[in-house]
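In what follows, a single structure is set out as structure tokens and then discussed.
Side chains included, hydrogens not; waters and symmetry mates left out as well; all remaining heavy atoms used. These figures come from a predicted structure and were not determined experimentally.
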Amino acid sequence: MRRRTPEDSNGTPPQSMTSAALDSEAGYGAFERVAGAAESGLLLLCDHASNEMPAEYGTLGLPQSELERHIGYDIGVAGVTRGLARRLGCPAVLSHFSRLLIDPNRGEDDPTLVMRLSDGAVVPGNRHVTQEEIARRIARFHRPYHSAIEAEIARMRTAGIVPVLLSIHSFTPVWRGVPRPWHAAILWDQDPRFSTLLIDGLRAEGDLVVGDNEPYDGALRNDVMFRHGTARGLPHALIEIRQDLIGDAAGEEAWAERLARLLPPMLTRPEMRQVSAFGSRTGPVDPIFETT
């Protein structure tokens, strides 16, 4: 696999990159930032963008073919994210490490943060992972990714913009032998502002079966949407796209084009420019925002 250096989409170092983004131990960047205008009102997140591994971790003892599967990353999402950011001129933050190394879409105390077994594959490099090693991966990869998201949110808020967050994921067409009928799905917790618009907008296309909190539930404590959306009172949603629809460049571009057409009218709605507390189905939320 070609290794990417964290940089803006135009090839220049991103101004908002923190020093933690470029790991001092291995010269490895934890995230990729795509520059965009705060005034776009939209921040794209791609939590499982990459199946890359820092050289010191090799392939975690797995055949390379395993990293090319969905257990290594979300197939197609990086292309959709970059294509959508380019069309709308909005910023994006993409992870730059495999979810098997550590999953940025899990809280630091989540037992599935570092997977020892994933869809039938034992991960040798994680099988006997210590708490010390997990803490090392959190500091080197997990936290810098979240810090990059926080930096983009802060930049947009300083510009007087309440950013809308869209996290882009993908799911397998078949799970445990059962075909999945959905072309896409919207996952959400308690905040309906963005999710309901997305569900209605995608269903109105007429050629899509759209899941509402299926095949997964959007209420996951301390995941990316909880941490940066729910706790901050920002409008947010997670979209899952079926992987066979975005498994090549043409599919990625088609979905980027579709979303670029649907999203702008949604972003102009007044409720999408407000900081509001909706809570969570997972339990009490310690807010990190002012509601007034």
Side-chain angles (χ1 to χ4, degrees), residues 1 3-9 13-36 42-57 60 67 71-74 77-82 84-85 90-110 112-115 126 129 133-157 163 165-170 187 220-232 234 236 238-239 288:
M1 292 178 291
R3 302 215 176 269
R4 296 179 59 88
T5 301
E7 57 183 17
D8 282 327
S9 57
Q15 294 181 352
S16 67
M17 182 181 294
T18 65
S19 58
L22 194 61
D23 181 70
S24 59
E25 293 186 48
Y28 188 88
F31 64 86
E32 172 191 350
R33 173 182 177 266
V34 177
L42 179 66
L43 174 57
L44 302 179
L45 307 177
C46 197
D47 310 318
H48 300 147
S50 175
N51 59 0
E52 297 278 355
M53 290 283 188
E56 68 190 275
Y57 289 96
L60 292 175
L67 292 182
I71 65 172
Y73 72 126
D74 277 2
V77 294
V80 174
T81 301
R82 295 189 192 106
L84 183 56
C90 65
V93 179
L94 300 87
S95 68
H96 185 230
F97 51 89
S98 173
R99 66 197 300 179
L100 289 177
L101 184 66
I102 191 166
D103 193 335
N105 197 36
R106 297 293 184 272
E108 292 185 8
D109 60 348
D110 193 300
T112 64
L113 183 65
V114 175
M115 294 290 287
N126 293 344
V129 68
E133 172 59 19
I134 291 174
R136 183 168 178 257
R137 296 185 194 182
I138 288 173
R140 294 179 61 193
F141 308 106
H142 192 278
R143 285 181 186 159
Y145 175 69
H146 285 276
S147 293
I149 295 171
E150 290 164 359
E152 285 299 319
I153 291 173
R155 182 177 71 91
M156 297 176 83
R157 295 294 284 128
L165 310 182
L166 178 62
S167 184
I168 301 177
H169 289 244
S170 67
L187 311 188
L220 180 60
R221 193 162 191 85
N222 293 325
D223 70 349
V224 170
M225 291 290 90
F226 182 99
R227 179 169 175 172
H228 301 290
T230 298
R232 296 178 183 277
L234 302 178
H236 61 279
L238 187 154
I239 184 170
I288 53 176

Do [X] and [Y] have side chains that get closer than 4.5 Å, going by heavy atoms?
X    : Y    : answer
E152 : P163 : no
H48  : D103 : yes
P54  : F141 : yes
M225 : L165 : yes
L84  : I168 : yes

Review point. Among N105, L113, I134, whose side chain to side chain contact (heavy atoms under 4.5 Å, CB included) with H142 holds?
Key: L113
Check your understanding: Out of L187, V77, L166, which residue meets the side chain to side chain contact (heavy atoms under 4.5 Å, CB included) rule with I239?
Key -> L166
Study note, to complete from the structure: Sorted by chain and residue number, the side-chain contact (heavy atoms from CB on, under 4.5 Å) partners of R221 (sequence neighbours excluded) come out as F226, T282
Practice item. Could you tell me which residues satisfy side-chain contact (heavy atoms from CB on, under 4.5 Å) with A78, sequence neighbours excluded, listed by chain and number? Key: A49, R82, L94
Show the nearest heavy-atom pair for residues [X] and [Y], with the distance to one decimal.
X    : Y    : result
P144 : A139 : CD-O, 3.3 Å
G29  : H96  : O-ND1, 2.6 Å
A148 : V93  : CB-CG1, 3.9 Å
L44  : A85  : CD1-N, 3.6 Å

Rounded to the nearest 0.5 Å, what separates atom [atom1] in [X] from atom [atom2] in [Y]?
X    : Y    : atom1 : atom2 : answer
S50  : L101 : OG    : CG    : 10.5 Å
R99  : T112 : CZ    : OG1   : 9.5 Å
H228 : L45  : NE2   : CG    : 7.5 Å
C46  : H169 : SG    : NE2   : 7.0 Å
S147 : F31  : OG    : CZ    : 8.0 Å
Y57  : I102 : OH    : CD1   : 9.0 Å

Check your understanding: Which residues pass the side chain to side chain donor-acceptor pair (under 3.5 Å) test with R137, sequence neighbours left out?
Key -> N126, E133
**Study point:** Pairing residues for Y145 by the side chain to side chain donor-acceptor pair (under 3.5 Å) criterion, not counting sequence neighbours
**Key:** D47
Quick check against the 3.5 Å criterion: does [X] have a side-chain atom that pairs as donor or acceptor with the backbone of [Y]?
X    : Y    : result
D74  : S170 : yes
S98  : G72  : yes
H236 : S167 : no
H146 : P104 : yes

Check your understanding: Hey, mind stepping through L220 and R106 against side chain to side chain contact (heavy atoms under 4.5 Å, CB included) and telling me if it holds?
Key -> CA-CA 8 Å; L220 180 60; R106 297 293 184 272; 3.5 Å; yes
Exercise for review: With sequence neighbours excluded, tell me which residues meet salt bridge (Lys or Arg N to Asp or Glu O under 4.0 Å) with R227.
Suggested key: E150
Review point. Salt bridge (Lys or Arg N to Asp or Glu O under 4.0 Å) with D223: which residues, sequence neighbours excluded?
Key: none
